[in-house]
2 protein chains.
Amino acid sequence: MADMTVTDGGKTLRQGSAVKREAILGAARGLFLAEGFERTSVDAIAALAQVSKRTVYDYFGDKRALLLSVVEQALGTLMSVVDRAIADHLTEVQDLEASLIAFARSISETAIGSADYVALIRLVSNEAANLPELRAHNWAMVEPEVKVADRLAAFAEQGLLVVPDPRMAADHLTALTMTPSMTGATAGITTTNDETQRRIVAGVRAFIRAYEPRG
Amino acid sequence: MADMTVTDGGKTLRQGSAVKREAILGAARGLFLAEGFERTSVDAIAALAQVSKRTVYDYFGDKRALLLSVVEQALGTLMSVVDRAIADHLTEVQDLEASLIAFARSISETAIGSADYVALIRLVSNEAANLPELRAHNWAMVEPEVKVADRLAAFAEQGLLVVPDPRMAADHLTALTMTPSMTGATAGITTTNDETQRRIVAGVRAFIRAYEPRG
DNA sequence: GTGACACTACACCGTGCAGTGTAGTTAAGT
DNA sequence: ACTTAACTACACTGCACGGTGTAGTGTCAC
């Protein structure tokens, strides 16, 4: 034991290289999102990451901690993607419809690498019941909503929209644009890209009709 | 072997009483929805149903088949609930807003016994990846949407709404009213009833604003 | 060289759990 | 009384998988 660092759990973890760490996280994320937590074996993760099972344990301690890391990372990138999309599309807006469409599109395209936004939510929802730590991090899932709500409030001040309850409006926007996978679409059955685009456009239009100022 | 009946799988199942069958299905449904499929042991189901584990297997063959039965049953009741709600609230409408609110409310209250509509969807989504039979039955989840779409089209004909794409509109209605549990709410953390009510009302109002005829 | 470290390969343990086999009990049908 | 079916209790198998221990290899630093 030499280059070991102790973490809160009392486990001694290896320092390790960022590359391997990322490989493991990537493999775990892919499998967790596709197969679910329980059905994914650590052996499978190790194999996919081209790493010995022992290394996985040396890096992350146990399966729960690994899941936690995966979720934290995914949540982090998700939030930065949203930040970026807000900066790119929801500031200095002239054509509101076009901007909202671009916004929704850029999120649904980028998302979390190749992984699904909704798959992540499902994963967290499923495991949160059994992992208190996850439940704590769960609020983070809501933070993007808050930021969107802020933007909508700003649009309201500019007279572009009528938004009495920004949080609710933000929920409605995401509900209308991000739910292709809710009804109908199931794990593995990716909806076609065309379909996603159509839904985003229709969702944004409905949202604007619902929240635009009336004559 | 006497009163045995053969099923497609080649397994020989017991005839059994409807009461026991229902007890097992109920226990399994509760545990599957609350804990997920993998985390639920057949022993736990048997215990909760006050039945020997052997009986569970004699009735349903194996865990997969049991899950399938649970989902079929839940889907069945869900569909009948929707039918009922449509009949009760979406025919002979004078106050559209009130009717839609009553409709959404009656579904979210009744749902599937005490179980969650969304929990069922999550369950199916999660296991569909690994159970082809489930994926087949999955389309049934969409059928309520179709019926709602029909009603919306009817409203459009009456001049109450403007609905170019009924299926999309139905998706929007459910998205707006049924997503309390999507963002934020997680398994086990039941949103308060007040909150649910608020969301239903706000969702319906937004829907109507989005789809009402304009002057 | 000689450590120190990262890593693999592999054997290994414990356990939870799906599924089965079976003997014995109860109740009903005849 | 005899049979038959439903059911329980319980023991038991087999396996998958989480997690650990360890011996050995490559590699860099000094």
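Order of the sequence lines sets the chain letters (A, B, ...), proteins ahead of strands, with each chain counted from 1.
- The backbone N or O of A/Leu31 sits less than 3.5 Å from a side-chain atom of A/Thr40, completing a donor-acceptor pair.
- Residue B/Thr40 has no polar side-chain atom (N or O) positioned under 4.0 Å from OP1 or OP2 of C/dC17.
- If you measure from atom CZ of B/Phe60 to atom C1' of C/dT20, you get 19 Å, rounded to the nearest angstrom.
- Look at A/Tyr59 and you'll find a side-chain N or O under 4.0 angstrom from OP1 or OP2 of C/dC7.
- In this entry the distance linking CG of B/Asn130 with C1' of C/dA18 reads 16 Å, nearest Å.
- Counting atom types as modelled, B/Lys63 pairs no side-chain N or O with a base atom of C/dG19 as donor and acceptor under 3.5 Å.
- Although no hydrogens or angles enter the test, the distance criterion places a donor-acceptor pair under 3.5 Å between the side chain of A/Thr177 and the main chain of A/Leu173.
- Atom CD1 in B/Ile45 sits roughly 8 Å away from atom P in C/dA18 (whole-Å rounding).
- Atom P of nucleotide D/dT22 and atom CG of A/Asp58 are separated by 14 Å, given to the nearest angstrom.
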Worksheet entry | side-chain contact (heavy atoms from CB on, under 4.5 Å) between B/Ser17 and B/Lys20, intermediate numbers included | CA-CA 6 Å; B/Ser17 77; B/Lys20 288 240 154 103; 3.4 Å; yes
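- Note that B/Lys63 lies in the cation-pi zone of B/Phe37, set by a 6.0 Å cut-off to the ring centre and a 45° limit from the axis.
- Residue A/Glu38 is classed as having no contact, given no heavy-atom separation below 4.0 Å to the nucleic acid.
- Side-chain atoms of A/Arg105 and A/Val201, non-hydrogen and from C-beta on, do get closer than 4.5 Å to each other.
- Of all nucleotides listed (D/dG19, C/dC7, C/dA9), C/dC7 comes nearest to the side chain of A/Ser17.
- Comparing C/dC7, D/dC7, C/dG19 against the side chain of B/Thr55 picks out D/dC7 as the nearest.
- For the pair A/Arg29 (side chain) and A/Val70 (backbone), a donor-acceptor distance under 3.5 Å is absent.
- Nearest-nucleotide positions on DNA chain D for B/Lys20 and A/Arg64 put B/Lys20 closer to the 5' end.
- Checking C/dA18, D/dT20, D/dT8 against the side-chain heavy atoms of B/Arg54 singles out D/dT8 as nearest.
- Salt bridge annotation for A/Glu133-A/Arg64: present, with a cationic side-chain nitrogen under 4.0 angstrom from a carboxylate oxygen.
- The distance from atom CG of A/Leu67 to atom P of D/dG19 is 12 Å, rounded to the nearest whole Å.
- The cationic atom of B/Arg21 (NZ for Lys, CZ for Arg) lies less than 6.0 Å from the six-membered ring centre of B/Phe60 and within 45° of the ring axis.
- One interatomic measurement links the two molecules: CG of B/Leu66 to C1' of C/dA18, which rounds to 12 Å at whole-angstrom precision.
- The side chain of B/Asp62 sits closest to C/dG19 out of D/dA9, D/dG19, C/dG19.
- Considering only the side chain of B/Val51, D/dT8 comes nearest among D/dG19, D/dT8, C/dT20.
- Whole-Å rounding puts the B/Asp43 CG to D/dA11 C1' distance at 13 Å.
- Side-chain proximity of A/Tyr57 to the nucleotides C/dC7, C/dA18, D/dG19 is greatest for D/dG19.
- Taking a pair as Watson-Crick or G-U with both hydrogen-bonding distances under 3.5 Å, the stems of three or more pairs touching DNA chain D are C:1-30 with D:1-30.
- In this structure, A/Leu31 places its CG atom 12 Å from P of D/dC17, rounding to the nearest Å.
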